J.: 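Okay, here's the structure, questions in a sec.
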Amino acid sequence: MITLSHSQAWTVLAGAILLEVAGTTCMRLSESFTRLTPSVLIFVFYAASFALNTLVTRVLGLSVVYGVWSGVGTVLTALIGFYYFKEPATAAKLVSIGFIVIGVMGLHAASRVGP
């Protein structure tokens, strides 16, 4: 069994987030499963991300892991959409991303306080 320290768990979670963002980006690059490589990579990246998440939930707890994983992944994916895919960054989108960041910071702080 793999045992992670608290700081290692955060590092592994960061890796899981990056893999999830890579998988989500591949969704766009796959052009509705018409391009083989990004289509296959969607599943590879997501499988690796979920495997790492499974390890981290033992240390940080499900609510923190999933909240941070989905929140940070959402923010990073939105930024990739804005900068790489040239999607519009409207005021409403930016304010909403700000709320996600505040929520992730709250979950991170709550994980340090304890039960």
Side-chain angles (χ1 to χ4, degrees):
M1 176 180 2
I2 297 172
T3 305
L4 300 172
S5 70
H6 195 263
S7 62
Q8 288 173 324
W10 282 105
T11 301
V12 172
L13 179 58
I17 291 166
L18 293 176
L19 288 165
E20 184 267 336
V21 170
T24 303
T25 303
C26 284
M27 283 184 195
R28 174 73 184 261
L29 296 172
S30 75
E31 297 178 10
S32 300
F33 294 112
T34 61
R35 297 180 58 216
L36 181 61
T37 300
S39 297
V40 170
L41 287 176
I42 293 168
F43 298 100
V44 171
F45 288 140
Y46 269 111
S49 179
F50 279 110
L52 293 180
N53 273 343
T54 300
L55 296 174
V56 175
T57 57
R58 297 180 60 109
V59 178
L60 300 178
L62 182 62
S63 62
V64 171
V65 170
Y66 194 77
V68 171
W69 177 77
S70 61
V72 174
T74 299
V75 170
L76 291 176
T77 301
L79 293 175
I80 289 169
F82 299 153
Y83 292 107
Y84 185 78
F85 295 111
K86 307 297 183 213
E87 296 172 358
T90 65
K93 288 180 184 180
L94 296 174
V95 168
S96 298
I97 287 171
F99 285 133
I100 293 169
V101 170
I102 291 167
V104 168
M105 290 170 55
L107 285 170
H108 184 269
S111 76
R112 293 184 167 278
V113 173

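The basis for the numbers below is simple: all heavy atoms, side chains too, and nothing from hydrogens, waters or symmetry mates. Note that the structure is a prediction, hence the values are computed from the model and not measured.
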J.: Can you list every ring pair (Phe, Tyr, Trp, His ring centres under 6.0 Å) pair that touches residues 18-39, not counting sequence neighbours?
T.: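 Qualifying pairs: none.
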
J.: Thr77 side chain to Gly73 main-chain N or O, any donor-acceptor pair under 3.5 Å?
T.: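 Judged by distance alone, yes, a pair lies under 3.5 Å.
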
J.: Restricting to non-hydrogen atoms, name the atom on Val65 and the atom on Asn53 that form the minimum distance, rounded to 0.1 Å.
T.: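 Scanning both residues completely, I find the closest heavy atoms to be CG1-OD1, 3.7 Å.
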
J.: When clusters are formed by joining ILVMFWY residues with side-chain heavy atoms under 4.5 Å apart, either directly or through shared neighbours, do Leu36 and Val44 land in the same one?
T.: yes

J.: Listed by chain and number, what are the side chain to side chain donor-acceptor pair (under 3.5 Å) partners of Thr24, not counting sequence neighbours?
T.: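 With neighbours one apart ignored, the set is Glu20, Tyr46.
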
J.: Not counting sequence neighbours, list each pair that qualifies as a side chain to side chain donor-acceptor pair (under 3.5 Å) and has a residue in residues 29-45.
T.: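 Every pair satisfying side chain to side chain donor-acceptor pair (under 3.5 Å) with a residue in residues 29-45: there are none.
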
J.: If hydrophobic clusters are built from ILVMFWY residues whose side chains come within less than 4.5 Å, do Tyr84 and Leu19 share one?
T.: yes

J.: Got a sec, which pairs hit side chain to side chain donor-acceptor pair (under 3.5 Å) with one end in residues 2-14, sequence neighbours left out?
T.: Ser5-Ser7, Ser5-Gln8

J.: Output every pair passing ring pair (Phe, Tyr, Trp, His ring centres under 6.0 Å) with a member in residues 48-71, not counting sequence neighbours, ordered by first then second residue.
T.: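 Output for this query lists Phe50-Trp69, Tyr66-Trp69.
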
J.: Report the residues that fulfil side chain to side chain contact (heavy atoms under 4.5 Å, CB included) with Thr74, sequence neighbours left out, ordered by chain and then residue number.
T.: Ile100

J.: For Ile2, check side chain to side chain contact (heavy atoms under 4.5 Å, CB included) against everything at least two apart and list the hits.
T.: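 Scan of Ile2 (side chain to side chain contact (heavy atoms under 4.5 Å, CB included), adjacent residues dropped) gives Leu4, Leu55.
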
J.: What's the shortest heavy-atom distance between Ala89 and Leu94, and which atoms?
T.: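 Shortest heavy-atom separation between Ala89 and Leu94 comes out as O-CD1, 4.0 Å.
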
J.: Check side chain to side chain donor-acceptor pair (under 3.5 Å) between Thr90 and all other residues, then give those that pass, not counting sequence neighbours.
T.: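 Partners of Thr90 by the side chain to side chain donor-acceptor pair (under 3.5 Å) criterion come out as none, since no residue qualifies.
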
J.: May I have the step-by-step check of side-chain contact (heavy atoms from CB on, under 4.5 Å) for Phe45 and Val21, ending in yes or no?
T.: CA-CA 8 Å; Phe45 288 140; Val21 170; over 6 Å; no

J.: Please determine whether residues Val101 and Phe99 belong to a single hydrophobic cluster, defined as Ile, Leu, Val, Met, Phe, Trp and Tyr linked transitively by side-chain heavy-atom distances below 4.5 Å.
T.: no

J.: For Ile42 versus Gly23, what's the shortest heavy-atom pair and its separation?
T.: CG1-O, 3.8 Å

J.: With rounding to the nearest 0.5 Å, note down the distance linking CD1 in Ile80 to CZ in Phe82.
T.: 11.5 Å

J.: Rounded to the nearest 0.5 Å, what separates atom OG1 in Thr25 from atom CG in Leu18?
T.: 10.5 Å

J.: Which heavy atom of Ile97 sits nearest to which heavy atom of Ala78, and what is that distance?
T.: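 Reported closest heavy-atom pair: CD1-CB, 3.6 Å.
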
J.: With sequence neighbours left out, write down each residue that passes side chain to side chain contact (heavy atoms under 4.5 Å, CB included) with Tyr83, or none if nothing qualifies.
T.: Leu79

J.: Apply side chain to side chain contact (heavy atoms under 4.5 Å, CB included) to Val72 and list each qualifying residue two or more places apart in sequence or on a separate chain.
T.: Ile17, Val68, Leu76, Val104

J.: Partners of Arg28 by salt bridge (charged side-chain N to carboxylate O under 4.0 Å, His left out), sequence neighbours excluded?
T.: Glu87

